[in-house]
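To keep things clear, I will list the structure first and then write my remarks on it.
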Amino acid sequence: MKKAKINSNNKKNKKEVVQNEEITVKKVVVVLVAILVIFVGFYFLTDYLISMRTETVQPSEENTTMNEIAFNNLLKQKDKSYYVLAVLPTDENADKFDIYTKQLNPIYTIDMNDSFNKSHIGSETRIGETVKDIVISDTTLFVIKDGKIEEHYSGYDKIKEFVVSTFSPSEEDDEK
């Protein structure tokens, strides 16, 4: 008889365990809402931490006036008149051009280190009718008007002389 009682006790324990582990709709909803709250919390926490870590770059005067273009786009800018500065990688005065070109607006720069632009570097400066025919031997400032090269200045001294003579204060401004 003891065996019968033991077996009946085991069956009751199993039924009690099954009843305690019943899945109800209420429990499922609570778990889903808890998981959703945790994910939303991590999303906003991550967003907040990333925004605190990154710096927002405000467009400055330099960013709006200096744009980098490819040499083949020398004559294809939307402005009616503009300046293009092509600085050779071997130019020792490369860092000084910023001082003089601040007054030129709008100004575009050409990165002559770029492999697409290196075909325009040669031993002599030659300015042709098309962009394909242009070869420069030194840092060059192009003055573009109506889609055509009106003037060009090669070398640090000539570029400096052009900018200083063009944008120096006139005598009338001194009298005021």
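Atoms considered below: every heavy atom in the structure, side chains included; atoms not considered: hydrogens, waters and symmetry mates. Just so it is clear, the structure is predicted and the values come from calculations on it, not from any experiment.
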All N/O donor-acceptor pairs, side-chain side in residues 147-160, below 3.5 Å, sequence neighbours left out:
from	atom 1	to	atom 2	distance (Å)
Glu151	OE1	Tyr153	OH	2.1
Ser154	OG	Thr140	OG1	3.3

Practice problem: Would you indicate whether the side-chain heavy atoms of Ile134 and Leu74 approach each other to under 4.5 Å? | Solution: yes
Quiz prompt | Asn113 side chain vs Pro89 backbone, donor-acceptor pair below 3.5 Å | solution = no
Exercise. Would you indicate whether the side-chain heavy atoms of Ile144 and Gln77 approach each other to under 4.5 Å?
Key: no
Quiz item: Between Phe116 and Val87, is there a shared hydrophobic cluster once you connect ILVMFWY residues whose side-chain heavy atoms come closer than 4.5 Å?
Solution: no
Self-check item: Within-4.5 Å side-chain heavy-atom neighbours: Val163 and Gln103
Solution: yes
Practice problem: Please name the pair of heavy atoms, one in Thr139 and one in Leu85, separated by the smallest distance, quoted to 0.1 Å. | Solution: CG2-CD1, 4.0 Å
Exercise. Report whether Tyr43 and Ile35 are members of the same hydrophobic cluster (ILVMFWY, side-chain heavy atoms less than 4.5 Å apart, transitive linking).
Key: no
Quiz prompt | Matching residue for His120 among Val135, Asp133, Asn72, Ile110 - test: side chain to side chain contact (heavy atoms under 4.5 Å, CB included) | solution = Asn72
Quiz item: Is Val31 linked to Phe39 within one hydrophobic cluster, defined over Ile, Leu, Val, Met, Phe, Trp and Tyr using a side-chain heavy-atom separation of less than 4.5 Å?
Solution: yes
Practice problem: Ignoring hydrogens and angles, state whether a donor on the side chain of Asp79 or Tyr108 is under 3.5 Å from an acceptor on the partner side chain. | Solution: yes
Quiz item: Phe142 and Tyr83: aromatic ring centres closer than 6.0 Å?
Solution: no
Quiz item: Just checking, is any N or O donor in the side chain of Thr125 or Ser137 under 3.5 Å from an acceptor N or O on the other one?
Solution: yes
